[in-house]
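Beneath this line is the structure, given in structure tokens, with notes to follow.
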2 protein chains.
Amino acid sequence: MLSKKTKYAFHALTFLGKRREQKTVLIQDISEEYGISHKFLENILLELKKAGILGSKKGKGGGYYLIKDPKDVALSKVIRLLDGPIALLPCVSLNYYEPCVECKDEVKCGLNKVMIQVRDEMLNVLENKTLADILDKE
Amino acid sequence: MLSKKTKYAFHALTFLGKRREQKTVLIQDISEEYGISHKFLENILLELKKAGILGSKKGKGGGYYLIKDPKDVALSKVIRLLDGPIALLPCVSLNYYEPCVECKDEVKCGLNKVMIQVRDEMLNVLENKTLADILDKE
DNA sequence: AATTACCCTATCTTTTTTATAGGTTTTGTA
DNA sequence: TACAAAACCTATAAAAAAGATAGGGTAATT
């Protein structure tokens, strides 16, 4: 399951995606729409900004806005940013690799091999579905 | 990521799958092989037994053994059993459905629609890959 | 009858997630 | 130029989940 952080990130991106003609959107507008704590959402939006997905403007009349084209924001990017690895095991993660402590030889591990296949098929979906797909459905 | 519980379950199933000609396997043999706490593994094996995947025999010469044909043990079954939902959001889970509290109308939620697609493609993999696939690779 | 090993429940510890707090910096505007 | 509005930043607390442990009970085999 996705963490609430990631789910909220998707909500916020959807909200901002629907208001792209608008210059900026306040954190508060988003937090009220979804009943998310203002401060909690703040941290999430900051991360999305650091990742180059959102832009922001300080001061009066400021707020957040979507920088990227929605079709260039893959679900995988958002998930990795807020939740971490997509792979089901650390030993098959492309971005967060770690060996399994209990595993003597990864090369001979059948579980490892199958989970690589699972990872690749999951990525095939999550890399190709984007924010644009979410917006299309609203 | 899968919990350690689920990962250990897969290890245990693999171990048992490789020893199907043997009548029974001791918990201790499995826990030593992978460095898993005996008691922790005990709980996992119990759950696998209750789910009809493993059988057991008490007393001297007892232990656990695989009941099912490895190709009938889908990865999805093991994951759901130990980890719970496979879906990325509660509102799209087939087996553990719960509405999202922040969502006013699920029917109009684009995130919901996309996550249903993601779920279906994930299941397409996880329902069709089985313990047999793991054993084939060892 | 003794041994062996499964069965069950409860509790403790650690880690992760979720949430909060309080201040700092930047910007527009009166 | 001072003030207000809004994002920015860092740290910490609270809650929940995961991981691990303990100890005894029950059943089966020799």
Side-chain angles (χ1 to χ4, degrees), chain A residues 1-9 11-12 16 22-32 34-67 79 81-85 88-90 96 98 100-102, chain B residues 1-9 11-12 16 22-32 34-51 53-65 67 79 81-85 88-90 96 98 100-102:
Chain A
M1 290 276 247
L2 297 179
S3 66
K4 288 192 177 181
K5 240 176 162 171
T6 303
K7 184 164 65 159
Y8 292 164
H11 281 315
L16 290 166
Q22 212 170 310
K23 279 209 181 59
T24 61
V25 173
L26 297 181
I27 293 180
Q28 189 162 354
D29 290 346
I30 306 173
S31 74
E32 280 176 2
Y34 297 103
I36 307 168
S37 139
H38 182 283
K39 282 292 193 178
F40 194 50
L41 184 58
E42 200 175 292
N43 289 320
I44 295 165
L45 295 177
L46 257 176
E47 288 200 67
L48 291 169
K49 185 196 167 179
K50 285 177 187 161
I53 297 169
L54 299 182
S56 67
K57 194 162 177 295
K58 288 184 182 178
K60 187 159 190 175
Y64 280 96
Y65 51 92
L66 195 62
I67 283 184
I79 294 174
L81 191 64
L82 281 310
D83 252 14
L88 297 184
L89 292 180
Y96 300 85
E98 274 181 64
C100 292
V101 284
E102 78 278 9
Chain B
M1 289 277 245
L2 298 179
S3 66
K4 288 193 177 180
K5 241 176 161 170
T6 303
K7 184 165 66 161
Y8 293 163
H11 281 315
L16 289 166
Q22 209 169 312
K23 280 210 181 57
T24 62
V25 174
L26 298 182
I27 291 181
Q28 189 163 354
D29 290 345
I30 306 173
S31 75
E32 280 175 3
Y34 298 102
I36 307 168
S37 138
H38 182 283
K39 283 288 192 179
F40 195 49
L41 184 59
E42 201 176 290
N43 289 319
I44 295 166
L45 295 177
L46 258 176
E47 288 199 66
L48 291 170
K49 187 195 168 181
K50 284 178 188 163
I53 297 170
L54 299 182
S56 65
K57 193 161 177 288
K58 291 181 181 178
K60 185 160 194 175
Y64 279 98
Y65 51 93
I67 283 183
I79 294 174
L81 191 64
L82 282 307
D83 252 15
L88 297 184
L89 292 180
Y96 299 86
E98 271 183 65
C100 292
V101 285
E102 79 279 10

Open item on the list: Reading DNA chain D from 5' onward, which residue's closest nucleotide shows up sooner: B/D83 or A/G62?
Closed with: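 Mapping each residue to its closest nucleotide by heavy atoms, the 5'-most match is A/G62.
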
Task: Base of D/dC8 paired with side chain of A/E42 (donor-acceptor, under 3.5 Å) - done: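 Answer yes: a donor N or O sits under 3.5 Å from an acceptor.
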
TODO: Return yes if the base of C/dG22 and the side-chain atoms of A/K39 contain a donor-acceptor N/O pair under 3.5 Å, otherwise no.
DONE: yes

Between [atom2] of [N] and [atom1] of [X], the distance in whole Å:
X	N	atom1	atom2	result
B/H11	D/dG19	NE2	P	13 Å
A/K50	D/dC8	NZ	P	9 Å
B/L45	C/dC6	CG	P	8 Å

Open item on the list: For a quick test of reading the model: is some side-chain N or O of B/S56 closer than 4.0 Å to OP1 or OP2 of C/dC7?
Closed with: yes

Task: Distance test, side-chain N/O of B/K49 to OP1/OP2 of C/dC7, below 4.0 Å - done: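 Affirmative; the distance criterion is met.
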
- [ ] Scan side-chain atoms only and decide if B/K57 and B/T24 contain a donor-acceptor pair under the 3.5 Å cut-off.
- [x] no

Output the single nucleotide from [options] whose closest atom is nearest the side chain of [X].
X	options	result
A/K57	C/dT27, C/dC6, C/dA19	C/dT27
A/K58	D/dA5, D/dA20, C/dT25	C/dT25
B/L46	D/dG19, D/dT21, C/dC7	C/dC7
B/Y64	D/dA6, C/dC7, C/dC8	C/dC7

TODO: Indicate the ring-plane relationship of A/Y34 and A/H11, choosing parallel, tilted or perpendicular according to the 30° and 60° boundaries.
DONE: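 A/Y34 vs A/H11 ring planes: parallel.
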
Task: Residue pair B/C100 / A/K7: nearest heavy atoms and the distance that separates them - done: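 What the structure gives for the nearest pair is SG-NZ, 3.3 Å.
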
